[in-house]
Amino acid sequence: MPELPEVETVARGLQRAIAGRRIVSVTLGKTDFIDDPALMERKLPGKRIVLVERYGKFLLIRFEAGSTAEDADSALLVHLGMTGMLLPQTTVEMPRKHTHVVMLLDDGRELRYVDPRRFGRVAYLAGEKLHNELKRFGVDPLEARLKEFIAGIRSRKTRIKALLLDQSVIRGVGNIYADESLWRAKVHPARLGRNLGERELTEVYRALQSVLRKAILHRGSSISDFLDAEGMPGEYQLHHRAYGREGKRCFRCGMVIRRVIVAGRSSYHCPKCQAPPREAARKRKTPKGRLSASKVRKSAKIRKSRQG
DNA sequence: CTCGATCCCTGGACGC
DNA sequence: TGCGTCCAGGGATCGA
């Protein structure tokens with residue numbers, strides 16, 4: 001599941017592998033995760049890749065400025081979703097199953113986008129549109145100063161876990177690194193961000209940066225299927241202290257790690273080290289009778305989307 | 001404004 | 001072995 005460290009790893013690998021190459025042609029498979037497939041097919045051929053960088057959880061493949069103003073400052077924006085992979089491969093290598101975008105490069109290799117679940121997103125954007133897209137996001141956690149981080153957390157009234165995951169507040173953090181950071185900072189995921197003291201917020205900030213940096217050094221976490229640009233899995237999953245460790249013992253105090261749902265996401269934490277909030281012993285209410293009704297609605301929606 | 005719930009998708013785990 | 005069911009999760013969207 002590509003979050004900041006995984007995307008950073010892919011960006012570095014791609015920068016080494018394809019910077020300077022020119023795109024010769026584009027072949028698309030399924031396109032339901034592409035913003036404007038026709039535009040992409042029209043604009044990419046001939047473009048030279050000058051830089052591959054990370055922006056939050058996005059990869060930005062930046063192109064050489066074209067002759068027209070419209071083509072200045074253009075990029076391919078790629079979000080890997082849950083299972084996306086960008087692999088530079090030779091044409092003799094069999095494309096993996098679920099390869100949906102193939103970009104032929106001028107050295108004969110292909111840059112292939114593979115995404116079984118198609119939770120990702122691909123968009124060709126230029127000029128103002130690119131600019132507007134990027135400014136929707138909050139601060140980069142590795143670049144933000146403590147003051148900016150705290151201002152971001154205090155900007156909204158919700159739980160710390162939800163704040164860390166909110167890309168418009170902080171860009172790049174997902175479920176794994178949110179849990180890992182909160183465990184290290186000894187802060188319960190359901191605490192309200194507003195109720196965290198200066199000291200606690202400082203701890204979260206430091207833990208977040210430390211965890212992200214270490215994870216980048218280990219080339220990210222491969223839980224099920226993350227692969228970097230060289231097709232290699234990361235190793236940071238071997239260093240997880242909270243995420244995915246339900247029922248196992250806390251490395252700090254020996255208490256059993258628990259999983260609760262916060263902000264709609266599995267949240268692994270140590271119930272002893274990470275004291276639960278006093279503020280809101282709020283219980284989620286999910287009437288069981290709704291189940292059948294929602295399933296009825298689900299099938300109706302699927303039918304509708306297939307038509308339109 | 002802010003919240004939770006729901007949905008998208010596929011493969012892997014699990015139960016029988 | 002094979003089938004059905006559940007779950008993972010980021011982000012868009014919607015109704016409360």
Side-chain angles (χ1 to χ4, degrees), chain A residues 1-7 29-35 54-59 77-85 96-100 113-123 133-134 136-138 152-180 189-190 192-195 220-227 237 240 243-247 259-268 277 279-280 282-308:
Chain A
M1 23 212 91
E3 302 178 27
L4 187 153
E6 291 77 29
V7 179
K30 291 192 176 171
T31 58
D32 55 356
F33 58 95
I34 302 176
D35 276 25
R54 176 188 61 76
Y55 187 87
K57 294 179 194 170
F58 283 92
L59 285 160
L77 199 69
V78 179
H79 194 300
L80 300 173
M82 294 294 300
T83 53
M85 288 173 270
R96 299 172 71 107
K97 199 178 171 187
H98 306 294
T99 297
H100 300 304
Y113 180 73
V114 184
D115 190 355
R117 282 178 224 182
R118 305 205 302 285
F119 265 34
R121 177 185 166 205
V122 171
E133 179 68 30
L134 298 185
R136 296 168 43 216
F137 297 95
I153 295 299
R154 298 234 162 113
S155 70
R156 290 194 27 229
K157 196 180 96 185
T158 186
R159 294 168 195 159
I160 185 65
K161 174 76 179 261
L163 286 159
L164 292 177
L165 293 179
D166 189 329
Q167 302 300 298
S168 70
V169 176
I170 301 159
R171 59 180 200 257
V173 180
N175 208 32
I176 295 175
Y177 298 103
D179 280 4
E180 290 300 307
L192 296 178
R194 289 257 173 98
N195 290 353
S221 303
S222 291
I223 297 298
S224 52
D225 38 23
F226 167 71
L227 297 178
Q237 67 281 4
H240 290 175
Y243 183 83
R245 299 196 65 245
E246 184 180 21
R259 182 177 72 100
V260 293
I261 303 296
V262 179
R265 296 282 171 254
S266 285
S267 299
Y268 300 91
E279 56 252 18
R282 205 185 311 205
K283 303 264 192 286
R284 71 271 176 259
K285 33 180 179 175
T286 317
K288 286 170 186 170
R290 284 257 198 87
L291 244 162
S292 59
S294 74
K295 278 194 175 161
V296 169
R297 201 160 358 142
K298 177 178 172 180
S299 47
K301 262 209 166 160
I302 289 169
R303 238 177 288 131
K304 212 158 117 190
S305 69
R306 295 252 157 95
Q307 288 170 3

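Chain identifiers are assigned alphabetically (A, B, ...) following the order of the sequence lines, protein sequences preceding nucleic acid strands; residue numbering begins at 1 within each chain. What you are looking at is a predicted structure, and each value in this text was computed from that prediction instead of being measured.
- A distance-only check finds a donor-acceptor pair linking the side chain of A:R171 to the backbone of A:G138 [under 3.5 Å].
- With hydrogens and angles ignored, the 3.5 Å screen pairs no side-chain donor or acceptor of A:Y177 with any backbone N or O of A:E3.
- Here the C1' atom of nucleotide B:dC9 and the CZ atom of A:R118 are 7 Å apart, to the nearest Å.
- Looking at which nucleotide of DNA chain B each of A:G264 and A:R156 is closest to, the 5′-most match is held by A:R156.
- Here the P atom of nucleotide C:dC7 and the CZ atom of A:R259 are 8 Å apart, to the nearest Å.
- Contact annotation: A:R159 reaches the phosphate of B:dG4 (side-chain N/O to OP1 or OP2, under 4.0 Å).
- In this structure, A:K97 does not reach the B:dT10 phosphate: none of its side-chain N or O atoms is under 4.0 Å from OP1 or OP2.
- When atom types are taken as modelled, the side chain of A:Q167 and the backbone of A:G172 share a donor-acceptor pair closer than 3.5 angstrom.
- We find that CD1 of A:I261 is positioned 12 Å from P of B:dG4, with the value rounded to whole Å.
- Note on A:K157: every side-chain N or O is 4.0 Å or more away from OP1 and OP2 of B:dC3.
- A:R117 and A:T83 share no side-chain donor-acceptor pair at under 3.5 Å.
- Look at NE2 on A:H98: it is 18 Å from P on B:dC8, rounded to the nearest Å.
- Between A:A263 and A:D32, it is A:A263 whose nearest contact on DNA chain B lies nearer the 5' terminus.
- Judged purely by atom type and a 3.5 angstrom limit, A:D179 has no side-chain atom pairing as donor or acceptor with the backbone of A:Y243.
- A sub-4.0 Å separation between OP1 or OP2 of C:dG9 and a side-chain N or O of A:S266 is present.
- OP1 or OP2 of B:dC3 has at least one side-chain nitrogen or oxygen of A:T158 nearer than 4.0 Å.
- The CZ-P distance, from A:R117 to C:dA12, rounds to 18 Å in whole Å.
- Distance CZ (A:F58) to P (C:dA12): 7 Å, rounded to an integer number of Å.
- Atom NE2 of A:H79 and atom C1' of C:dG10 are 6 Å apart (whole Å).
- The closest side-chain heavy-atom distance from A:I160 to A:V262 is not below 4.5 Å.
- For A:R121 and C:dG10, a side-chain-to-base donor-acceptor distance below 3.5 Å is absent, hydrogens and geometry of angles not being considered.
- Going from atom CG of A:N175 over to atom C1' of C:dA8 covers 10 Å, rounded to whole Å.
- A distance of 5.5 Å separates CG in A:L77 from CZ in A:R121, rounded to the nearest 0.5 Å.
- Evaluation of the side chain to side chain contact (heavy atoms under 4.5 Å, CB included) rule for A:F33 yields A:H100, A:V101, A:Y113, A:R118, A:V122 as partners, not counting sequence neighbours.
- In this structure, A:F119 forms no aromatic stack with the base of C:dG11, since the conditions of centre separation below 5.5 Å and plane angle below 30° are not both met.
- End-to-end axis angle of the helix from B:dT2-C:dA16 to B:dC16-C:dG2, using five pairs per end and rounding to 10°, comes to 50°.
- Here A:Q167 does not reach the OP1 or OP2 of C:dG10: none of its side-chain N or O atoms lies under 4.0 Å away.
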